[in-house]
Amino acid sequence: MVLPKRTLLIGGGILAVIVVYSSSQAPPGSTETGQTDTTCRVEVTADVLNVRVAPDGAAEVVGKFRLGAESDAGKTVQNGFRQLGDDRWASSEFLRPMAGRDCG
């Protein structure tokens, strides 16, 4: 049985994509060594959450997150705000640490 050239090209292309994808992807929730990722990562539980320049409700708003958004975060919580990065703070009341993550 001889397969048409087009069928061989399409099949070969699909196989190549599968091989490249599977060899370059780590399983979800793990690092390259197969261990659970312990970097703090949080999920937003408010409809809209302001990101502020300092851990203060009166500080300048420098960004916003919507419900369900995810972000890396630090372990530092000050004045009810969790540090998300340099000059980036959000109310810890509306940030839920994700499962398997070390948020202190």
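From a predicted model like this one, the values you see are computed outputs, not experimental measurements. Numbers for residues simply follow the sequence, beginning at 1.
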Please set out all donor-acceptor pairs under 3.5 angstrom arising from side-chain atoms of residues 90-97, sequence neighbours excluded.
from: Ser91; atom 1: OG; to: Glu93; atom 2: N; distance (Å): 3.4
from: Ser92; atom 1: OG; to: Gly80; atom 2: O; distance (Å): 3.0
from: Arg96; atom 1: NH2; to: Glu43; atom 2: OE1; distance (Å): 3.1

Connected via hydrophobic side-chain network under 4.5 Å: Phe81 and Leu49: no

Pairs touching residues 69-78 that satisfy salt bridge (charged side-chain N to carboxylate O under 4.0 Å, His left out), sequence neighbours left out: Arg41-Glu70, Arg41-Asp72, Lys75-Asp102

Pairs touching residues 80-90 that satisfy side chain to side chain donor-acceptor pair (under 3.5 Å), sequence neighbours left out: none

Euclidean distance, Arg101 CZ relative to Thr39 OG1, rounded to 0.5 Å: 6.5 Å

Connected hydrophobic set around Val48, excluding itself, where side chains approach under 4.5 Å: none

From Leu84 atom CG to Thr76 atom OG1, the distance as rounded to the nearest 0.5 Å: 11.0 Å

Please table the atom pairs, donor to acceptor, closer than 3.5 Å between any side-chain atom in residues 50-58 and protein atoms at least two apart or in another chain.
from: Asn50; atom 1: OD1; to: Lys64; atom 2: NZ; distance (Å): 2.7
from: Arg52; atom 1: NH1; to: Gly57; atom 2: O; distance (Å): 3.1
from: Arg52; atom 1: NH1; to: Ala59; atom 2: O; distance (Å): 2.6
from: Arg52; atom 1: NH2; to: Gly57; atom 2: O; distance (Å): 3.4
from: Asp56; atom 1: OD1; to: Ala58; atom 2: N; distance (Å): 2.7

Apart from Met98 itself, residues in the same hydrophobic cluster as defined by side-chain heavy atoms under 4.5 Å: none

